[in-house]
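Read through the structure below, which is laid out as structure tokens, and then see the notes.
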Amino acid sequence: RPPFHVHLILSQGSAEDSQVSAEALGYLLHSGESRSVDILPQLHHLFVTKLHRRAGIGARALRWWVDTYAQRSFTFAVNDPNSDMHAVLRRVLAHQMRATSAGIGDCQTANFYQVIQS
């Protein structure tokens, strides 16, 4: 099983009295990357706090993930995407492929996407 990676989504902190503060806005959990021909990049979870949803934070995090981990791949997988995630993927960067796979790892369904070259 490939290692899992977690990335916090933080606000840009403000400097006050030489201390920098930042607020956690969400996180991204994934495994695999396109540098390895054996491991398909998989996005397991993208979470943005309720207070910060609908502000483009998830779309920017998703774009960063694809550019960093999945850009060289023909496809990547998103585990159990909800309707909001499907919409963000379509709008931002990917075409859904017809194939799905049940029982990958511990998730029920993985949906596969083709990266749109930017």
Does some side-chain heavy atom of Arg53 sit less than 4.5 Å from a side-chain heavy atom of Phe47? yes

Nearest 0.5 angstrom please: Leu46 CG to Asn79 CG, how far? 12.5 Å

Do the non-hydrogen side-chain atoms of Arg60 and Ile9 ever get within less than 4.5 Å of each other? no

Under a 4.5 Å cut-off applied to non-hydrogen side-chain atoms, are Leu62 and Leu43 in contact? yes

Could you go through Arg54 and Asp84, starting from their C-alpha distance and side-chain angles, then the distance that decides it, and tell me whether this counts as side-chain contact (heavy atoms from CB on, under 4.5 Å)? CA-CA 10 Å; Arg54 306 275 184 221; Asp84 289 341; 3.9 Å; yes

Kindly work out whether a path of hydrophobic side-chain contacts (I/L/V/M/F/W/Y, heavy atoms less than 4.5 Å apart) joins Val6 to Phe4. yes

Applying the side chain to side chain donor-acceptor pair (under 3.5 Å) criterion to His30, which one of His5, His7, His44 satisfies it? His7

Between Pro41 and Tyr69, which heavy-atom pair has the shortest distance, and what is it? CG-O, 3.6 Å

